[in-house]
Amino acid sequence: MSFPLLTATAALPAIGAIATAAVPAQRRTAAKWLALLVSLATLVLAAIVLIRFEPGGDRYQLTESHAWIADFGVRYELGVDGIGVALLALTALLIPFVILAGWHDADPLETHNSRWRPTQGFFALILMVEAMVILSFEATDVFLFYILFEAMLIPMYFLIGGFGDRAHAGTDENAAAQRSYAAVKFLLYNLVGGLIMLAAVIGLYAVAGSFSLSEIAEARANGSLEMATSTERWLFLGFFFAFAVKAPLWPLHTWLPNAMGEATAPVAVLITAIVDKVGTFAMLRFCLQLFPEASKWATPVVLALALVSIVYGALLAVGQRDIKRLIAYASISHFGFIILGIFAMTSQGQSGATLYMVNHGISTAALMLVAGFLITRRGSRLIADYGGVQKVAPILAGTFLVGGLATLSLPGLAPFVSEFLVLVGVFSAYPVAGIIATTGIVLAALYVLVLYQRTMTGPVKATVQGMPDLRARELVVVVPLIALLLFLGVFPKPLTEIVDPAVQHTMSDVQKQDPQPEVEAAK
């Protein structure tokens with residue numbers, strides 16, 4: 001029996017979470033180092049998965065299958081395609097930076113027990129989220145995926161509600177109430193989506209008699225699975241609603257600005273760069289693969305919602321006074337691009353959407369973490385409280401600028417490639433949608449450059465005088481992310497070679513081909 005590499009990649013952070021939580025209360029530093037070492041070991045395993053994955057091989061590779069709840073046909077089935085392995089690698093890559101960036105975020109504010117912040121619990125919860133997200137990218141059993149989809153809400157709830165932004169901690173009596181509101185809103189929105197999905201999962205089993213993606217695909221291929229049109233559409237809506245909440249897609253997005261605003265910067269990265277990707281990934285793996293006809297039926301409405309997300313998110317980002325909420329609304333706009341690429345039903349659009357998931361994760365992590373370092377120094381999230389930072393902390397300002405330029409998809413940085421592919425794919429199938437989507441690019445330039453101008457340029461405000469520049473630990477967090485943005489911006493081939501075959505399988509599922517360009521005959 002071969003080594004269960006996929007299980008090990010998810011089990012290691014889960015075991016590490018338990019071990020970190022068990023570290024004695026007085027050994028906070030030991031807990032931090034243990035969590036960091038576990039995350040680095042998980043990154044090594046993810047790298048091995050990436051190396052062993054063959055882009056031109058079987059659709060699902062490194063597969064594992066074991067009986068779990070036999071009476072209900074539930075199996076522990078794992079496997080990765082090109083899309084899953086890319087997002088698995090992204091998750092394993094970002095977690096060490098999240099841990100390093102949050103090194104002091106859960107330290108006790110005071111020495112007496114009433115103000116004690118459970119450092120061990122903070123890092124244990126991060127590792128537990130990593131384990132569940134990785135396993136969700138590997139799961140090929142629908143019921144197993146559902147369990148993980150819901151279970152990851154629990155540690156995220158405690159990370160948002162229990163470890164708030166230090167910009168408010170200890171100074172605002174309403175800070176705890178605001179964190180609690182954001183955490184409960186996050187949980188309720190996602191729980192409602194999950195419950196609707198549960199009904200659809202049960203309905204799928206009643207129709208297909210299986211939760212296994214491979215068995216359902218085989219039944220479709222040999223004609224033994226017949227699903228009525230109305231049934232398929234209702235099941236699609238049940239799955240899609242849950243994924244649209246997680247993504248988040250307008251108008252189901254309102255939990256995200258609250259959650260990202262009240263969470264620490266590393267937890268905000270965990271939300272938008274890692275956890276939310278489960279929603280868009282699931283649209284590709286489950287909606288399009290299980291319900292191809294319903295996906296095509298719903299395409300016009302989904303494209304319209306994605307366009308609203310792009311423009312609406314960007315417009316609200318322009319008007320924000322809070323740095324973290326600005327980045328949150330920018331992410332809503334970017335998720336609109338991802339969903340637009342998925343449902344354009346073209347190979348360029350879906351390849352671009354998958355690359356967008358990866359590149360958005362890296363660029364948002366870079367921008368949000370530098371913003372977190374900035375906010376920690378000043379103690380405020382308000383843009384108006386800054387000015388002239390580049391004169392007192394030039395490295396911090398420079399890295400903030402690069403993160404911002406990546407967010408607006410500047411050519412030469414990784415997000416440009418993915419956004420360009422999405423727009424090419426959309427223009428070839430839906431030209432009007434492509435034209436509307438380009439307004440998001442213009443607005444992105446506006447909110448990013450205005451943010452930089454108001455915080456980093458101009459006269460040095462008295463409140464930022466003496467602000468220290470990035471320290472060694474912070475540079476270790478930011479520099480590799482910026483290097484990745486540059487590398488993937490000029491050489492995206494390693495990613496596209498992994499992703500493209502998986503996209504072709506998805507295109508085959510929905511029986512779509514790329515539209516042929518119309519070329520007028522030469523006169």
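The backbone N or O of Ser380 lies less than 3.5 Å from a partner atom in the side chain of Tyr386, making a donor-acceptor pair. A donor-acceptor pair is defined here as one N or O able to donate and one able to accept, closer than 3.5 Å; no such pair exists between the side chain of Thr280 and the backbone of Ala247. Checked by atom type and distance alone, the side chain of Arg285 pairs as donor or acceptor with a backbone atom of Ala139 at under 3.5 Å. When atom types are taken as modelled, the side chain of Ser363 and the backbone of Asn359 share a donor-acceptor pair closer than 3.5 angstrom. Using modelled atom types, no side-chain atom of Ser333 and backbone atom of Gly313 make a donor-acceptor pair closer than 3.5 Å. Side-chain atoms of Thr439 do not come within 3.5 Å of backbone N or O of Ile435 as any donor-acceptor pair. Here the side chain of Glu232 pairs a donor or acceptor atom with the backbone of Glu293 at under 3.5 angstrom. Checked by atom type and distance alone, the side chain of Lys246 never pairs as donor or acceptor with a backbone atom of Ala282 at under 3.5 Å. Of the possible polar contacts, none joining the Arg325 side chain to the Arg321 backbone as a donor-acceptor pair under 3.5 Å is found. The backbone N or O of Gly387 sits nowhere less than 3.5 Å from a side-chain atom of Arg454 that would complete a donor-acceptor pair.
Between Thr346 and Gln350, every side-chain heavy-atom pair lies at or beyond the 4.5 Å cut-off. Side-chain contact between His253 and Trp250: present, with at least one pair of heavy atoms (C-beta onward) separated by less than 4.5 Å. Contact check for Ile95 versus Thr42: no side-chain heavy atoms found under the 4.5 Å cut-off. Contact of the Met368 side chain with the Met260 side chain is registered, since non-hydrogen atoms from C-beta on lie closer than 4.5 Å. At a threshold of 4.5 Å between non-hydrogen side-chain atoms, the residues Val370 and Val402 do not count as touching. At a threshold of 4.5 Å between non-hydrogen side-chain atoms, the residues Leu396 and Val478 do not count as touching. Taking the side chain as every heavy atom from C-beta outward, Leu144 and Leu78 approach each other to under 4.5 Å. The shortest side-chain heavy-atom distance between Pro251 and Tyr312 does not fall under the 4.5 Å cut-off.
Rounding to the nearest 0.5 Å gives a distance of 4.5 Å between CG of Leu284 and CD1 of Ile83. Atom CD1 of Ile216 sits about 9.5 Å away from atom CZ of Phe286, to the nearest 0.5 Å. Note that CZ of Phe158 and CG of Leu125 are 8.0 Å apart. Values are rounded to the nearest 0.5 Å. If you take CG on Leu235 and CD1 on Ile202, they are separated by 11.0 Å, rounding to the nearest 0.5 Å. Of the inter-residue distances, the one linking Ile383 atom CD1 with Ile323 atom CD1 reads 6.0 Å to the nearest 0.5 angstrom. Distance check: Leu90 CG to Ile274 CD1 gives 6.5 Å after rounding to the nearest 0.5 Å.
Applying side-chain contact (heavy atoms from CB on, under 4.5 Å) to Ile362 and the options Leu488, Ile482, Leu413 leaves one that passes, Leu488. A ring-ring contact (aromatic ring centres under 6.0 Å, His included) with Phe239 is found for one member of Phe145, Phe291, Phe149 and no other, namely Phe291.
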* To do: In sequence, state the C-alpha distance, the side-chain angles, and the governing distance for Ile310 and Phe335, and then conclude on side chain to side chain contact (heavy atoms under 4.5 Å, CB included).
  => CA-CA 8 Å; Ile310 291 170; Phe335 275 103; over 6 Å; no
* Please lay out, stage by stage, how Ile436 and Val311 fare under the test side chain to side chain contact (heavy atoms under 4.5 Å, CB included). => CA-CA 8 Å; Ile436 297 172; Val311 178; 4.2 Å; yes
* To do: Quick one: do Lys185 and Glu262 satisfy salt bridge (Lys or Arg N to Asp or Glu O under 4.0 Å)? Show the steps, please.
  => CA-CA 12 Å; Lys185 189 173 184 179; Glu262 297 305 321; over 6 Å; no
* Would you please test Ser331 and Thr272 for side-chain hydrogen bond (donor to acceptor under 3.5 Å, both in side chains) and show each step? => CA-CA 7 Å; Ser331 290; Thr272 191; 3.3 Å; yes
* To do: Output, in order, the C-alpha distance, side-chain angles, deciding distance and verdict of side chain to side chain contact (heavy atoms under 4.5 Å, CB included) for Met156 and Val129.
  => CA-CA 7 Å; Met156 287 306 307; Val129 171; 3.7 Å; yes
* **Stepwise side chain to side chain contact (heavy atoms under 4.5 Å, CB included) test for Trp255 and Val184** => CA-CA 9 Å; Trp255 63 267; Val184 170; over 6 Å; no
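Within a 6.0 Å radius of OH in Tyr452, other residues, nucleotides and ligands contribute more than 12 heavy atoms. Remark: Trp234 CH2 is loosely packed, at most 12 non-hydrogen atoms of other residues, nucleotides or ligands lying under 6.0 Å away. Taking a 6.0 Å sphere around OH of Tyr205, one finds it holds more than 12 heavy atoms contributed by other residues, nucleotides or ligands.
Ring pair Phe281/Phe137: centre-to-centre distance below 6.0 Å. Two rings, from His360 and Phe337, have their centers 6.0 Å or more apart. Taking the ring centroids of Phe236 and Phe243, they lie at or beyond the 6.0 Å cut-off.
Side-chain contact of Thr254 with Tyr189: a donor-acceptor pair under 3.5 Å is present, judged by distance alone. Ser212 and Ser210 form no side-chain donor-acceptor contact under 3.5 Å, judged by distance and modelled atom types alone. For the residue pair Gln320 / Tyr329, no side-chain donor-acceptor distance below 3.5 Å is found, with atom types taken as modelled.
Residues satisfying the salt bridge (charged side-chain N to carboxylate O under 4.0 Å, His left out) test with Arg233, not counting sequence neighbours, are none.
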